[in-house]
Amino acid sequence: MEYFVKSGNPEKQRVACVIVGIFDRRNTTEAAETIDKASDGLLGSIMRRGDMDGKLGRTVVLHNVSGVFCDRVLLVGLGKERDFDEAAFRKVHSAAARALRNTGAIDAVSYLTHLPVKGRDYQWNVLQAALATGTEFYRFDEMRGEKSREDIVLPKIERLTFDVPRRSDLPAGEKGLQEAQAITEGVSLAKRLSNLPGNICTPTFLAQTAIDLGKKYEFTVKILEESDMEALGMGALLSVSRGSRQPAKLIIMEYLKGTAGEAPIALVGKGLTFDAGGISIKPAAKMDEMKFDMCGGASVIGAFAAMAELKLSINVIGVVAASENLPDGAASKPGDIVTSMAGITIEVLNTDAEGRLILCDALTYTERTYDPRICIDMATLTGACVVALGSHASGLFSNQPGLARQLLAAGEQIGDRAWELPLWNEYDGQIKSEFADIANIATVGAGEAGAIVAAMFLHRFTKKMKWAHLDIAGTAWHGKAATGRPVPLLTQYLINVAAKRGDD
């Protein structure tokens with residue numbers, strides 16, 4: 001579908017559908033009031049009959065409305081005007097997109113982007129409207145059979161225009177649309193990689209996806225094979241892949257479009273393309289969802305797609321540690337001790353706490369090879385984070401308060417929120433080992449603060465960097481479908497950094 005931004009009168013739009021909003025208690029927006037006057041009070045009569053009460057997210061489609069040039073008018077309930085906020089704005093656009101899918105309209109103009117949101121401008125309005133629409137129109141059908149795909153009824157809509165009140169608002173709206181389209185592309189790529197089953201999306205498949213992306217956007221991609229990792233001493237990462245017939249890959253993407261020689265920002269992702277738990281095997285129930293254990297790596301690749309689409313003038317390195325974690329005669333056993341690239345020995349007390357093992361070597365490699373000015377890793381790391389925060393916010397840990405604030409602000413700005421959890425030294429003692437430098441799970445206070453304990457483990461390998469960790473176990477997928485988070489947060493953060501450096 002094509003998207004546009006323009007400014008025009010709702011009653012004069014020669015399109016298949018015009019979208020306007022109604023607040024609770026029959027309080028019309030300016031665009032709806034214009035339609036009502038042009039149609040001799042049709043909207044008022046619809047509301048008096050109770051067909052549209054303005055409840056948040058409710059929709060009604062009107063055909064053959066007199067006095068206007070469009071074929072149909074889509075009314076969308078906005079809820080109570082005094083309660084209309086950012087969350088309501090997103091819900092309204094999601095509802096409008098769902099309703100639009102079910103019409104026969106091939107083009108539409110939305111006036112919901114006129115709705116005022118405290119502290120936000122029309123760039124934000126159009127950005128959020130386009131993101132919500134893209135989310136509603138996303139489908140993953142490529143694994144269905146040929147006949148099934150032929151039977152899928154696709155929406156007829158081909159063009160959607162977001163209207164802004166004045167021509168002077170067009171530049172802001174167009175910038176918002178540009179960012180939204182890039183983020184949507186990155187999110188869609190991350191969703192696709194995450195939704196693909198583990199027998200298709202293997203570490204090799206992830207590596208090839210990164211290579212193809214690098215060719216498309218002209219940035220460098222390198223792939224380290226297991227022999228390369230062995231030479232580098234990545235005993236922690238390789239201990240995870242030992243039980244799999246799929247070779248592990250360390251995927252490295254170099255997007256160096258900023259100032260020459262400037263230290264890059266590093267994004268590091270956990271790419272466990274399937275996690276059965278290894279010898280510490282998981283319960284069978286919901287094990288199918290462990291194809292999503294690579295969502296951190298998918299998010300790094302998705303963020304690179306979005307950033308490259310926007311042509312940001314910035315230096316960014318992406319590192320994805322990709323592997324499977326399966327039980328096998330060669331698999332690591334509980335109690336095994338492995339040596340990480342950093343030289344830190346790790347007692348593997350639970351082979352299902354493998355994400356931190358592949359990440360620690362990826363983080364050490366990133367630090368030693370690129371000396372980044374900022375390093376952000378993301379991983380579906382702990383069920384404990386899901387217990388703590390649910391599916392609404394990613395867990396955030398950082399050894400730099402300023403970096404944490406920037407990430408939190410980017411998340412609030414784009415609507416992909418995180419919540420900071422402590423990284424206090426008191427938790428560090430929970431991973432002490434009787435036989436190695438550290439254990440990969442808590443040996444003290446087992447069952448307590450699991451997300452923090454995992455973050456403390458990673459911090460052992462990141463103390464020399466300005467570092468943040470996003471635990472996305474609760475946000476990366478919902479039900480049986482990937483969300484593409486935290487691609488929006490990461491992209492917004494990079495947009496903000498690039499914009500700030502452009503002002504220097």
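Values in this document were obtained by computation on a predicted structure and should not be read as measured data.
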So which of Thr133, Asn195, Thr184 actually passes side chain to side chain donor-acceptor pair (under 3.5 Å) with Tyr138?
->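 Considering Thr133, Asn195, Thr184, a side chain to side chain donor-acceptor pair (under 3.5 Å) with Tyr138 is found only for Asn195.
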Going by side chain to side chain donor-acceptor pair (under 3.5 Å), Gln128 matches just one of His93, Gln123, Arg90, Arg120. Which one?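 Exactly one pass, corresponding to Arg90.
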Set of residues satisfying salt bridge (Lys or Arg N to Asp or Glu O under 4.0 Å) with respect to [X], sequence neighbours excluded:
| X | result |
| --- | --- |
| Arg14 | none |
| Asp361 | none |
| Lys257 | none |
| Arg159 | Asp107 |

Asp288/Lys480 salt bridge by N-O under 4.0 Å criterion: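 Salt bridge flag = yes for Asp288 with Lys480.
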Basic-acidic side-chain contact under 4.0 Å: Lys216, Asp212: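 Between Asp212 and Lys216 there is no salt bridge, as every charged N stays at least 4.0 Å from the carboxylate O atoms.
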ask   = How are the rings of His459 and Trp467 set relative to one another: parallel (under 30°), tilted (30 to 60°) or perpendicular (over 60°)?
value =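 Geometry flag for Trp467 against His459: parallel rings.
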Counting neighbours of [atom1] on [X] that are heavy atoms of other residues, nucleotides or ligands and sit closer than 6.0 Å, is the number greater than 12?
| X | atom1 | value |
| --- | --- | --- |
| Arg242 | CZ | yes |
| Lys466 | NZ | no |
| Glu230 | CD | no |
| Glu150 | CD | yes |
| Arg167 | CZ | no |
| Lys286 | NZ | no |

Minimum heavy-atom separation for [X] to [Y], with atom names?
| X | Y | result |
| --- | --- | --- |
| Ala321 | Leu237 | CB-CD1, 3.9 Å |
| Leu396 | Ala468 | CD1-CB, 4.1 Å |
| Glu324 | Gly198 | OE2-O, 4.1 Å |
| Ile106 | Ala16 | N-CB, 3.8 Å |
| Ala210 | Met253 | CB-SD, 4.0 Å |
| Ser194 | Met294 | CA-SD, 3.6 Å |

Short side-chain donor-acceptor distance under 3.5 Å, Asp163 and Gln13
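Asp163 and Gln13 do not have a side-chain donor-acceptor pair below 3.5 Å.
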Q. Any side-chain donor-acceptor pair under 3.5 Å between Asn125 and Thr113?
A.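 Looking only at side-chain atoms, Thr113 and Asn125 do not form any donor-acceptor pair under 3.5 Å.
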May I ask you to test the [X]-[Y] pair for a side-chain heavy-atom distance under 4.5 Å?
| X | Y | answer |
| --- | --- | --- |
| Tyr370 | Ile252 | yes |
| Ser340 | Asp437 | no |
| Gln178 | Leu310 | yes |
| Leu213 | Thr209 | no |
| Leu131 | Pro488 | no |
| Val300 | Ile251 | no |
| Met307 | Val316 | yes |

_Verdict with reasoning, Val497 to Ile374, per side-chain contact (heavy atoms from CB on, under 4.5 Å)_ = CA-CA 11 Å; Val497 171; Ile374 296 291; over 6 Å; no
Quick one: side-chain contact (heavy atoms from CB on, under 4.5 Å) partners of [X], sequence neighbours excluded?
| X | answer |
| --- | --- |
| Thr366 | Ala266, Val268, Val319, Pro372 |
| Thr475 | Ser394, Ile472, Arg485 |
| Glu142 | Phe140, Arg192, Leu196 |

Residues two or more places apart in sequence or in another chain: which of them pass ring pair (Phe, Tyr, Trp, His ring centres under 6.0 Å) with [X]?
| X | answer |
| --- | --- |
| Phe274 | none |
| Tyr255 | none |
| Phe205 | none |
| Phe397 | His469 |

How long is the gap from [atom1] on [X] to [atom2] on [Y], to the nearest 0.5 Å?
| X | Y | atom1 | atom2 | answer |
| --- | --- | --- | --- | --- |
| Leu127 | Gln492 | CG | CD | 7.0 Å |
| Ile157 | Thr103 | CD1 | OG1 | 6.0 Å |
| Met234 | Ile358 | CE | CD1 | 11.5 Å |

Take Lys118 and Asp85 through the salt bridge (Lys or Arg N to Asp or Glu O under 4.0 Å) test and state the conclusion after the steps. CA-CA 7 Å; Lys118 185 177 180 181; Asp85 57 9; over 6 Å; no
Item to complete: Could I get the full list of side-chain hydrogen bond (donor to acceptor under 3.5 Å, both in side chains) partners for Glu309, not counting sequence neighbours?
Response: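 Residues passing side-chain hydrogen bond (donor to acceptor under 3.5 Å, both in side chains) with Glu309: Tyr217.
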Step-by-step side-chain contact (heavy atoms from CB on, under 4.5 Å) determination, Glu225 to Lys249 | CA-CA 5 Å; Glu225 304 294 343; Lys249 307 283 184 180; 2.6 Å; yes
**OP:** Show the numbers, then the answer: is there a side-chain contact (heavy atoms from CB on, under 4.5 Å) between Leu357 and Phe457?
**Re:** CA-CA 9 Å; Leu357 295 176; Phe457 180 99; 4.2 Å; yes
**Asked** Going through the distances and angles, do Leu267 and Val320 end up as a side-chain contact (heavy atoms from CB on, under 4.5 Å)?
**Response** CA-CA 8 Å; Leu267 304 179; Val320 177; over 6 Å; no
(Q) For a side chain to side chain donor-acceptor pair (under 3.5 Å) check, start with the C-alpha distance between Thr273 and Gln246, then their side-chain angles and the critical distance, and finish with the verdict. (A) CA-CA 10 Å; Thr273 56; Gln246 293 288 338; over 6 Å; no
Candidate list [options], test side-chain contact (heavy atoms from CB on, under 4.5 Å), partner [X], passing option:
| X | options | result |
| --- | --- | --- |
| Glu354 | Asn350, Thr351, Asp352 | Asp352 |
| Lys191 | Val187, Leu193, Leu189 | Val187 |
| Glu254 | Val221, Asn315, Thr220 | Thr220 |

